[in-house]
Amino acid sequence: MSTLKAVRGTRDLLPPETELWNRVERTAREVFSRYNFGEIRTPIFEDTSLFARGVGEETDIVSKEMYTWEDRARAQSEKAQSLTLRPENTAGVVRAYIEHKLGEAGLLQKLYYIGPQFRRERPQKGRYRQFWQIGAEVIGPTSAGSESPLRDAEVLEMLASFLDELGISGWRLEINSVGSALDRPRYVAALREALAPVKHLMCEDNQRRAETNPLRVLDSKDPNDQELINNLPKIADYLDEDSKAHFAAVLAALDACGVPYHVNPRLVRGLDYYTRTTFEFTHGGLGAQNALLGGGRYDGLSENIGGPKAPGIGFAMGEDRLILTLQAQAEQQATLADYYIAPLAAELNPAALELARELRRKGLRIEVGDGSFRLKKSFEVANKLAKKIILLGEDEASTGVLTVKDFATAEQTKVARAELA
RNA sequence: GCGGCUAUAGUUCAGCGGCAGAACGCCGGUUUGUGGCACCGGAUGUCGCGGGUUCGAUCCCCGCUAGCCGCCCCA
């Protein structure tokens, strides 16, 4: 095969599908702006160490899924800089927050982004090497209230509203608390201790996880190990009083606004920076990739990458997966143009274009045919592309009264061109 | 990164060691200022790429690439 193709894991988005993408993005912008979020756009590549320090050296994302290269050294004496296509956007947003000293404003920063991310994984339905995320972060100094459980609940309520407004039905919110930066190591130690005598009874994957990342044992799907897992210590029992109160306050606020949720004590997430609240919105029908979006609180992230204390909470949605879900729910119909203008002779093409210009200026969606087409062909094409056809013959051009046929009703009328709408 | 399934027309797919098939779509006609419906006719193509076996390979074998499913992980 010598013909060039989009590289593995990347793809072209074409009309009419792009219409759906635009609708998703437009809805996100509208909903987020009602919560007073502003848009941030960060570079698509960053210094590699941002992700190593921010996301976590030991995470799968950083250890094996990044697109990293050595940039050319700027001078002989200089070492080449290691750059990486961003595998997620939170680290970049927090880097920008630190770099521009946004915390000095003393206010909460509420930022959203829409853009491509890159991970080198094996492609599958709903999983691509270039994929799109819509995400948002609420971050700021503690004095601005960035640590308040109200912020967690507001973000979750916003997400529920967004999914509802978009028309995604059947989503499920799972929520958990993984504790503070102090709670977590205590729990992991307890988990290791509890796993030691029983791990040899578990599947190979879990035996490995018990060593490398005991938290991951919790979301194992292996049916034979479920009973053993259910008997392991619960994170809830290792939360300190502050973390417990925080989690209870988040749930109480969700109850107050009527957002349905399921507490899932086994929900752990893969990025190192999460503290306290973690959550996922899932949807059936996405196969193994059932997470529509995921997120959580990251109270220590800013300090991890050398910034001031700036607790925050955020999420990332898989836009590709939102689109797949919407497409599965209802086959997206191509949107039809309002009018198809059919000039009846090639000499009338300029007049047709001029008429199109007039109608487009009124905000109408117009397709222009070609006078060299036979009328039958014009009708066939028009019927596929537009709601109505405008016949532009000698009579119509000279009198300014157009012949308009509506495909839905098969009704044909004469309309003065000024009255077209 | 690991395991499995798949790759034939624009699309969805059938097929067989010996001339490349169907449906839908497309093009033309029945209808030269009237579409959809119907009928008649037509064209679909490096059978993913490379190699091997064979008189002969789209078919069998090997490699590669890509997609899908599962795992890992995540959005």
Counting any heavy atom closer than 4.0 Å, what does [X] reach on the DNA or RNA strands: base, sugar-phosphate only, or nothing?
X: A:Thr403; result: base
X: A:Glu121; result: base
X: A:Arg11; result: nothing
X: A:Gln412; result: base
X: A:Gly135; result: nothing
X: A:Leu344; result: base
X: A:Gly9; result: sugar-phosphate
X: A:Gln130; result: nothing
X: A:Glu280; result: nothing

Side chains of [Y] and [X]: any donor to acceptor distance under 3.5 Å?
X: A:Ser180; Y: A:Asp183; answer: yes
X: A:Ser398; Y: A:Glu394; answer: no
X: A:Glu137; Y: A:Thr90; answer: yes

Check: protein-nucleotides 36-40 of chain B nitrogen or oxygen pairs below 3.5 Å:
unit_1: B:G36; atom_1: N2; unit_2: A:Phe407; atom_2: O; d: 3.2

Please report the distance, rounded to the nearest Å, between [atom1] in [X] and [atom2] in [N].
X: A:Ile341; N: B:G33; atom1: CD1; atom2: C1'; answer: 17 Å
X: A:Arg86; N: B:C74; atom1: CZ; atom2: C1'; answer: 17 Å
X: A:Arg119; N: B:C74; atom1: CZ; atom2: C1'; answer: 6 Å
X: A:Met202; N: B:C72; atom1: CE; atom2: C1'; answer: 17 Å
X: A:Leu392; N: B:U34; atom1: CG; atom2: P; answer: 16 Å
X: A:Arg127; N: B:C73; atom1: CZ; atom2: P; answer: 11 Å

Does A:Tyr274 have A:Arg297 sitting over its ring (NZ/CZ under 6.0 Å from centre, angle to axis within 45°)?
->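 Pair A:Arg297/A:Tyr274 does not count as cation-pi.
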How about A:Tyr112 and A:Phe37: are their ring centres within less than 6.0 Å of each other?
->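 Here the rings of A:Phe37 and A:Tyr112 have centres that are no less than 6.0 Å from each other.
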Using the six-membered ring wherever Trp is involved, compare the ring planes of A:Phe379 and A:Phe407 and label them parallel, tilted or perpendicular (cut-offs 30° and 60°).
->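 Aromatic pair A:Phe379/A:Phe407 classed perpendicular.
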Is it true that A:Arg34 and A:Glu165 make a salt bridge, defined as a side-chain N closer than 4.0 Å to a carboxylate O?
->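 Yes, this pair counts.
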Most 5' of A:Lys125 and A:Ala291 on RNA chain B, judged by nearest nucleotide |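 Counting from the 5' end, the first nearest nucleotide belongs to A:Lys125.
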Upstream residue (5' side of RNA chain B) when A:Leu292 and A:Pro123 are each assigned their closest nucleotide =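 Whichever sits nearer the 5' end wins; that is A:Pro123.
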So what is the 5' to 3' dot-bracket string for RNA chain B, if pairs are Watson-Crick or G-U wobble with both distances under 3.5 Å, crossing pairs use [ ] and | means the partner sits on another strand?
-> (((((((..((((....[..)))).(((((.......))))).....(((((..]....))))))))))))....
Under 3.5 Å, sequence neighbours excluded: what are the donor-acceptor pairs made by side chains of residues 45-52 of chain A?
unit_1: A:Glu46; atom_1: OE1; unit_2: A:Arg95; atom_2: NH1; d: 2.8
unit_1: A:Glu46; atom_1: OE2; unit_2: A:Arg95; atom_2: NH1; d: 2.6
unit_1: A:Asp47; atom_1: OD1; unit_2: A:Ser49; atom_2: N; d: 3.0
unit_1: A:Asp47; atom_1: OD1; unit_2: A:Ser49; atom_2: OG; d: 2.9
unit_1: A:Asp47; atom_1: OD2; unit_2: A:Gln81; atom_2: NE2; d: 2.9
unit_1: A:Thr48; atom_1: OG1; unit_2: A:Ser82; atom_2: O; d: 2.9
unit_1: A:Thr48; atom_1: OG1; unit_2: A:Ser82; atom_2: OG; d: 2.7
unit_1: A:Thr48; atom_1: OG1; unit_2: A:Leu83; atom_2: N; d: 3.3
unit_1: A:Thr48; atom_1: OG1; unit_2: A:Leu83; atom_2: O; d: 3.4
unit_1: A:Thr48; atom_1: OG1; unit_2: A:Thr84; atom_2: OG1; d: 2.7

